[in-house]
Amino acid sequence: MIKRLFLCALACITISTATADEGMWLPSLIKERIKDMRRMGFKLKADDVYSDKKASLKDAVMQFGGGCTGEFISPEGLLLTNHHCGYASIQKLSSVEHDYLTDGYWAKSRNEELHVPGLTISLLERMEDVTDRIAAGESKEEIIAQASKGKGCRASIEPMYYGNQHYLFVYRVYKDVRLVGAPPSSIGKFGGDTDNWIWPRHTGDFSMFRVYADANNEPAEYSADNVPYRPKRYLPISTKGVEEGDFTMIYGFPGNTQEYVTADAVEYVTNISNPMKIALRTTRLDIISEAQSKDVATRIAYAAKHANIANAWKKWQGESLGLERLGTVAKKATYEQEFATWAADKPQYATLLDSMHTAYEKAIPGYFARELFNETIAGIDLLNFALWLNSQHEKGVKLTADVQNVGRKYYLGDYRVEIDKAIAKQMIGEYVARIPTTEIPVQLTAAIDSCGGVEPFVDGLYNGTQLITKYPLTHDEIFADPMVQLAVWFAPQVAKNSNYAYRNLSNVPSVEKWYRTYMQALREWDKERAFYPDANFTLRVAYGTVTGYENVDGEYHTHLTTLDGIMAKDNPEIYDYNIPQTLRDIYARKDYGRWSIEKGGKSTIPVCFLASNHTSGGNSGSPVINGKGELIGINFDRTWRSTMSDIEFDPDICRNISVDIRYVMFVIDRIGGASYLFEEMDLR
Ligand code: ARG
Ligand code: ASP
């Protein structure tokens, strides 16, 4: 009996402290979590993670491009991120003669590192809670202006907890970033869209760049005279590998979670938004895949578009299934009932949930209209080009040949008119079928009627337009063009949509204003809950452990994959599984050198591993750091059953997927022949 009580006490302790895996914590507040982190195996101190006084791990982490993370691995500005994060840059530098996407690329010396025009990285100098300063009357604009004075500085103020707090973030933006190396896509994108969001995974999803600075180590425009940037901190690389149960920390820039929303918001996602977006993307993907299967050039031209459309499409399906499995809507409803009971005698909160419910009812039609527009009308490349031309014109930009050329490059590069037209027929049809009739531009309804239906209308559109065939066009030609006409008809809708252009439904101002109060109330009421602000592309720390999970009843997914799994998938006939011959040869000779491990009595190469960190889109490329502060992997994905973690995190099942740093090193060494890069790294 005593024994059983004791066991129960132990179990209860584990449960009450088991919040460790959920959460994306603000680095400047990490001292509030450090005990928990150390309990799980972290050996460093809070100010090793974040400090604005001395060098800390945060100085090794950067926002890479617009939406990814990267990390420094040498004192000379060498950085790692994902292959899918470097993809657009690698594509930009590629040509028919130099196809770096297909073949990979390795600079054999600094002179061969290739500048990527337009690519920037942002380093966080410091963050500061400015809630009180704003409350005391300082304007956000002033605070930002003051903070962005240094060379290359960019500052922004970001709301936390739906605007209950505001944080200032000061970054330095470096513009001279050069490609150092990337594996061939057959490694960096191995498994393609088929394996995306899936475990077991075998993708070598990494690429390598270097940041350059002026002679004072400060941001500068590209110049041949620039020198490698010297980061305040870089990550040593652990070659020891990972074991189940090891501590892991993810340091990066997650983009979008909504953990505190009410049942109404989750219902919108599961019943309205996701089903609409999934169905429309299925239609678009079917059209594109069919064209790709018939022609190799088309497959290449539409590869990036297909991957982009498919990525969220697949995620939303997993997310809906996950929310359903967890019963999130019902759980939230119960939680809200309990809250309402508590709030009933508190005048400031008593009617809050009703107000939120009403606000949702009012906001949903407009938010849905924008999402529908984005998935249908904005999925038509040529119409997008026309919309862009019209919006430029509305902004007062003269539509010169140069301006037209910018748009042509963006919208009509890698373009096939037959695919676009087929998509237009489906998407315009879906748009008019799914939007309330009163919202359809009257000219469009009339035009469809007079043509005898959507299909003949679209045929007429593509027969009549000169946007593809003629360049440059005069101003009058542009505005007489039927595609541009259609864009002009949509202009009022575009304007309305801009009122709903927020990350989530709950961030529409008329809804969000209630969340400010709701978050305050929750923190008063639900004292046990560990609150962390939703992800918003600001720097966060997540921590957990290396661990597998039970995928379905009786089927456990172990934490590590290896080269043997790649060989089992290898198939020259299937594009996504056709590995480089070099890798086959290495496997045949078991010629693994220092990177081999023993598994089941055989030597092999580790490839990817699972851990229980709470991550989101934007965490791609994030360093996975062990208890000693060393790099053990690069985060790049989540498992299929984890994808609802942006709304509800389930510690039993949510796992992030990382490429093992030893596979990265192996590929650099044995496939890239670039082991000279190890000299500047700190391999431990
Ligand atoms: N699912 C990962 C993320 O959300 C990887 C996406 C890139 N890979 C792809 N096959 N589309 O970004
Ligand atoms: N693959 C995602 C990214 O690109 C990461 C994730 O959603 O887990 O950021």
Side-chain angles (χ1 to χ4, degrees), residues 21-22 24 61-71 80-91 101 182-183 185-199 201-207 248 250-258 281 285 288-289 292 299 302-319 322 503 534-540 542 544 574-577 608-624 633-647 649 653-659:
D21 306 327
E22 176 177 357
M24 304 172 164
V61 184
M62 72 202 72
Q63 187 156 44
F64 181 90
C68 277
T69 306
E71 56 275 0
L80 282 173
T81 186
N82 290 146
H83 186 264
H84 80 261
C85 295
Y87 198 85
S89 302
I90 304 166
Q91 184 170 43
L101 274 182
S185 289
S186 53
I187 287 179
K189 219 177 164 303
F190 180 78
D193 286 337
T194 319
D195 282 8
N196 192 22
W197 302 111
I198 297 288
W199 186 262
R201 190 65 156 275
H202 300 89
T203 313
D205 198 342
F206 80 95
S207 59
T248 55
I250 302 264
Y251 216 155
F253 291 86
N256 184 6
T257 63
Q258 31 180 347
R281 285 195 181 203
L285 287 168
I288 294 173
S289 302
Q292 283 180 308
R299 193 196 72 227
Y302 271 68
K305 276 184 208 170
H306 189 284
N308 265 336
I309 301 169
N311 190 40
W313 168 77
K314 199 167 178 185
K315 188 210 146 177
W316 292 324
Q317 295 176 59
E319 181 177 75
R503 222 194 292 282
D534 274 316
N536 56 359
F537 282 113
T538 59
L539 188 61
R540 302 301 175 90
I574 303 176
Y575 178 75
D576 285 338
Y577 295 117
C608 291
F609 66 87
L610 289 177
S612 60
N613 304 275
H614 191 180
T615 55
S616 185
N619 267 127
S620 273
S622 297
V624 190
I634 312 169
N635 180 72
F636 70 96
D637 205 7
R638 280 169 284 169
T639 60
W640 171 244
R641 300 200 58 191
S642 304
T643 44
M644 73 298 182
S645 67
D646 292 345
I647 296 175
F649 185 90
I653 209 125
C654 288
R655 299 292 178 265
N656 63 305
I657 304 177
S658 306
V659 52

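Residues: numbered from 1 along the sequence shown. Each ligand, and each atom within it, is numbered from 1 in the order the structure gives.
For ligand 1, the atoms lying closer than 4.0 Å to a non-hydrogen atom of Asp637 are 1 (N), 2 (C). Atoms of ligand 2 lying under 4.0 Å from any heavy atom of Gly618, numbered from 1 in the order shown and given with element: 3 (C), 9 (O). Every atom of ligand 2 is numbered from 1 in the order shown, and the set under 4.0 Å from a heavy atom of Asn619 is 9 (O). Atom numbering of ligand 1 starts at 1 in the shown order; those under 4.0 Å from a heavy atom of Gly192 are 10 (N). In the vicinity of Ala307, heavy-atom distances shorter than 4.0 Å reach the ligand 1 atoms 11 (N).
Taking any N or O of Cys68, backbone or side chain, none lies under 3.5 Å from an N or O belonging to ligand 2. Any N or O atom pair closer than 3.5 Å counts here, and Gly617 shares at least one such pair with ligand 2. Geometrically, ligand 2 and Ser620 share a nitrogen or oxygen pair separated by less than 3.5 Å.
Phe649 and Asn613 get closest at one heavy-atom pair: CE1-O, 4.2 Å. Lys314 and Trp640 make their closest contact through O-CZ3, 3.0 Å (heavy atoms, listed as atom of the first residue, atom of the second, distance). When all heavy atoms of Thr69 and Phe253 are compared, the pair lying nearest together is OG1-N, 3.1 Å.
Atom 8 (O) of ligand 2 has Arg638 NE, 2.8 Å as its closest protein atom, hydrogens excluded (heavy atom only). Of all protein heavy atoms, the one lying nearest to atom 6 (C) of ligand 1 is Asn311 OD1, 3.4 Å. When only non-hydrogen protein atoms are considered, atom 5 (C) of ligand 1 lies nearest to Asn196 OD1, 3.4 Å. His84 CG, 3.6 Å is the protein heavy atom nearest to atom 7 (C) of ligand 1.
With salt bridges taken as basic N to acidic carboxylate O contacts below 4.0 Å, none links Arg503 and Asp534.
In this structure, Phe537 and Asn256 have side chains that are not in contact, with every pair of non-hydrogen atoms separated by 4.5 Å or more. Side-chain contact check for Glu71 versus Ile634: some heavy-atom pair is nearer than 4.5 Å. In this structure, the side chains of Ile90 and His83 come closer than 4.5 Å at one or more pairs of heavy atoms. In this structure, Met644 and Cys654 have side chains that are in contact, with non-hydrogen atoms separated by less than 4.5 Å.
Closest to atom 9 (C) of ligand 1 by heavy atom, among Ile198, Asp193, Asp205, is Asp193.
Under a 4.0 Å heavy-atom criterion, His84 is in contact with ligand 2. Heavy-atom distances between Trp197 and ligand 2 reach below 4.0 Å in at least one pair. Residue contacts with ligand 1 leave out Gly617, since none of its heavy atoms falls under 4.0 Å from the ligand.
Side chains of Asn635 and Asn656: a donor on one and an acceptor on the other come within 3.5 Å. Judged by distance alone, the side chains of Ser642 and Thr639 do bring a donor and an acceptor atom under 3.5 Å apart.
The side-chain contact (heavy atoms from CB on, under 4.5 Å) test with Phe636 is passed by exactly one of Val624, Thr81, Thr203: Thr203.
In Phe636, the part holding a heavy atom less than 4.0 Å from any atom of ligand 1 is the backbone.
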